[in-house]
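These notes concern the structure reproduced below.
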Protein chains: 2
Amino acid sequence: MATLGELERSVMDLLWDSADALTAGAIRDGLAHGNAAGAGKDLAVTTVLTVLSRLEAKDFVNRDRDTRPHLFRASTSRAAHMAELMHEVLGAAPDREAVLARFVGQVSPSEVAALRRMLDGK
Amino acid sequence: MATLGELERSVMDLLWDSADALTAGAIRDGLAHGNAAGAGKDLAVTTVLTVLSRLEAKDFVNRDRDTRPHLFRASTSRAAHMAELMHEVLGAAPDREAVLARFVGQVSPSEVAALRRMLDGK
DNA sequence: GAATAGTTCTACACGATGTAGAAGACGGAA
DNA sequence: TTCCGTCTTCTACATCGTGTAGAACTATTC
């Protein structure tokens, strides 16, 4: 999977945090007066559209071309994306269990508990 | 942490797979007639040295300048590196537990068992 | 049909990476 | 002690991904 740049990531965050699809303009505004990370950027709408096109090419967003301001939505949830990234890292290692061991060793106690619950639920 | 390119990664793999430190020449040969991934590349030694220097700058390798052909060794184990990468991904998510849940949901059964053991050992 | 709002094309700068020659430094052989 | 071969450092360039946006084109609406 392709990695995301800073700006691409900010755009994805906006989409992920938004329940419904967004227009390029809305995303532009989100980046400008946004509350989340990567805010404060005052970009041209074309810039945002370029980024969105690239994200679309990478299958990170779906674009609805039937509405006039096109609508963009994330094609995957953030959690799914992140989990996939983690699996990708893990998959690139020959010594998977060793990696898992290290990984678990650094998880916070509360998350350890959460992990236990998750494992039990399987 | 900086991400590694293709070639950089191949070099790291050689270092990770080697018990002891390697010279630039050895790495060059490893890349050429190597068994592992990224093999078949017939590069100039200077190329390898450039890559090694960059890896050194990124603190991925340590260089021993006291021996004549300098010796290079990975500064971290692969498992540690991979685990850190995974934590990095996880840390970039606001909904950490959701990500963990997804992640665990896709781990193979044998690894689930391993995870249980690891958690119990804490 | 003209103004307006939105989209696509094209373009450029910049940094990371892959790649290596030329030039410099160093250690051993003569 | 000088020279030679080996190894390292410097410098350089191409390419690719990303950030950034103007110019030109298209569709909508009055």
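We name chains A, B, ... by the order of the sequence lines, and we start the count at 1 in each one. For the numbers below, each heavy atom of this structure counts, side chains included, while hydrogens, waters and symmetry mates do not.
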Give the rounded distance in Å between these two atoms: CD1 of A:Ile27 and P of C:dT7. 11 Å
Once you apply a heavy-atom cut-off of 4.0 Å, does A:Arg28 come out as touching a base, just sugar-phosphate, or nothing? nothing
Where do N or O atoms of nucleotides 28-30 of chain C meet protein N or O atoms at under 3.5 Å, pair by pair?
none

C:dG6 phosphate, OP1 or OP2: any side-chain N/O from A:His70 under 4.0 angstrom? no
Measure CZ/B:Arg68 against P/D:dT6 and give the value in whole Å, please. 13 Å
Does the protein touch nucleotides 11-21 of chain D at the base, only the backbone, or not at all? Give it as B, S and - per nucleotide, heavy atoms under 4.0 Å. -B-----BBBB
Nearest-Å distance, CG (A:Leu55) to P (C:dT8)? 15 Å
Distance from B:Leu15 atom CG to B:Ser10 atom OG, nearest 0.5 Å? 11.0 Å
What one should report as the nearest heavy-atom pair of B:Phe103 and A:His87 is O-NE2, 2.9 Å
Which word best sums up how the rings of B:His81 and B:Phe60 line up, parallel for under 30°, tilted for 30 to 60°, or perpendicular for over 60°? perpendicular
Specify the closest pair of heavy atoms between B:Leu22 and B:Leu14, including all atoms of both residues, with the distance to one decimal. CD1-O, 4.1 Å
For B:Phe72, what residues pass the ring-ring contact (aromatic ring centres under 6.0 Å, His included) criterion, not counting sequence neighbours? none
D:dT9, OP1 or OP2 - any side-chain N/O from B:Arg63 closer than 4.0 Å? yes
Determine the minimum heavy-atom distance between B:Leu119 and A:Arg116, stating which atoms define it. O-NH2, 2.7 Å
Mind jotting down which residue pairs meet the salt bridge (Lys or Arg N to Asp or Glu O under 4.0 Å) criterion with at least one end in residues 99-112 of chain B? Sequence neighbours excluded, please. A:Arg96-B:Glu111
Taking it one step at a time, do A:Thr23 and A:Arg28 satisfy side chain to side chain contact (heavy atoms under 4.5 Å, CB included)? CA-CA 9 Å; A:Thr23 67; A:Arg28 203 213 131 260; over 6 Å; no
Looking at B:Arg65, does any N or O in its side chain come under 4.0 Å of the phosphate oxygens OP1/OP2 on C:dC26? no
What pairs meet the salt bridge (Lys or Arg N to Asp or Glu O under 4.0 Å) rule with one or both residues in residues 44-61 of chain A, with sequence neighbours excluded? A:Glu8-A:Lys58, A:Glu56-A:Arg63, A:Glu56-A:Arg65
Could you pull out the closest heavy-atom pair between B:Ala114 and A:Glu97, with the gap in Å? CB-OE1, 3.4 Å
Rounded to 10 degrees, the angle between the two terminal axes of the helix from C:dG1-D:dC30 to C:dA30-D:dT1, each from five pairs: 10°
What pair of heavy atoms forms the shortest contact from B:Ala24 to B:Val48, and how long is it? O-CG1, 3.8 Å
For the pair made of CG in B:Leu49 and P in C:dA23, what is the distance, rounded to whole Å? 18 Å
